[in-house]
A.B. asks: 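Submitted below is the structure of interest, expressed as structure tokens.
In what follows, every heavy atom counts, from backbone to side chain, and hydrogens, waters and symmetry copies are set aside. Chain naming here is simple, since letters A, B, ... match the order of the sequence lines and numbering starts at 1 in each.
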Amino acid sequence: MNADDKKSKFQQEVKKLLFGKKKLSINTYSPDNKVVLRTLGMVEASHLPGERPYPNEQ
Amino acid sequence: MSSDYLGNSVPSICSSGQRPLLMTGAFVQWLRQHFIDANNIEDPDLKLENTSFNWSSDLAATNIIIESYTKFNPLQIEHRPALIVKRNKLQHVRLGIDNRYMGGIGNTGSKDYSNAWAGSHTIFVLSGEGAECEKLTAEVYRELNQFAPAMRAALDLAKIEISEIGDMHVLEEATDNFVVPITVAYSFFESWKLTNVAPPMRAVKIN
């Protein structure tokens, strides 16, 4: 193992220590929908203001 | 030029609306146009000539990969930084009962409808170095944040804003890379008209 390989391995170990359990997958990532709606000034509502809620929501 | 976006053009929004693929293509193109010229780059370290942050349409030669999620190939990235664009949920937003414009039916029996859509795209900033990843993140979110009003007009959106810049993680698909997700939220309206072939009441019989 040359010096560069050793350095690279060391950096990998440091990365593992710092972020080992904190991985992010592009495949499964999904932002918090409430944060998205709040940014747009919208709220997650299943009925319009003033409209009676559906029976199963009461 | 195989990496270029070949879908609907932006002016087709007039006839076909803000379709998911077009929105993804718009974000990819927006970022490519920023990174194609060093003069566009704000960060003095990223701006230096012959640094690895200029985008080129030649996939083999480009120093930064800017692609949509469906073209993302961790092996292709190798040691290069990358910006990967992915669409998230597109949510229906109700504006009125049954999406209808209230106030009755028109003279021809046609009915008008309208609703809004709320969606977001996430730009994943990937880099092998933590500091490089943070610098690229700043370059990307400042570009998106500051030019959002211009893109809102070009894409005929009701609103477009950065919703969240996530914290830094190691990328699960390629653990040599750091990743920061930048989520951009947007909303737009969809309006349409339904016209009956014949009026609902053609005649009234009085005996």
A.B. asks: Can you tell me how far apart CD1 (B/Ile84) and CD1 (A/Ile26) are? Round to the nearest 0.5 Å.
C.D. replies: 6.0 Å
A.B. asks: Which one of A/Leu40, A/Asp32, A/Val36 has the most heavy-atom pairs closer than 4.5 Å to chain B?
C.D. replies: A/Leu40
A.B. asks: Quick one: OG1 on A/Thr39 to CD on B/Glu164, what's the gap to the nearest 0.5 Å?
C.D. replies: 8.0 Å
A.B. asks: How about B/Tyr113: does its OH atom have over 12 heavy atoms from other parts shown lying under 6.0 Å from it?
C.D. replies: yes
A.B. asks: Mind listing the closest non-hydrogen atom pair of B/Ala118 and A/Met42 along with its distance?
C.D. replies: CB-SD, 3.9 Å
A.B. asks: Chain A heavy atoms under 4.5 Å from B/Ile162: which part of the residue, side chain, backbone, both or neither?
C.D. replies: backbone
A.B. asks: Does the side chain of B/Asn88 come under 3.5 Å of the side chain of A/Tyr29 through a donor N or O and an acceptor N or O?
C.D. replies: no
A.B. asks: Could you measure the distance from the CG atom of A/Leu24 to the CG atom of B/Asn177? Nearest 0.5 Å is fine.
C.D. replies: 12.0 Å
A.B. asks: Hey, what do you get for CD (B/Glu161) to CZ (A/Arg38), rounding to the nearest 0.5 Å?
C.D. replies: 13.0 Å
A.B. asks: Taking every heavy-atom pair that is under 4.5 Å apart, which of A/Val35, A/Asn27, A/Thr28 has the most such pairs with chain B?
C.D. replies: A/Asn27
A.B. asks: For B/Val93, is it the side chain, the backbone, both or neither that has a heavy atom under 4.5 Å from a heavy atom of chain A?
C.D. replies: side chain
A.B. asks: Considering only heavy atoms, which portion of B/Ser187 lies under 4.5 Å from any heavy atom of chain A: side chain, backbone, both, or neither?
C.D. replies: both
A.B. asks: How long is the straight-line distance from NZ of B/Lys89 back to OG of A/Ser30, given to the nearest 0.5 Å?
C.D. replies: 5.5 Å
A.B. asks: Side chain to side chain contact (heavy atoms under 4.5 Å, CB included) for A/Lys23 and B/Leu171? Distances and angles first, verdict last.
C.D. replies: CA-CA 6 Å; A/Lys23 286 180 190 158; B/Leu171 179 65; over 6 Å; no
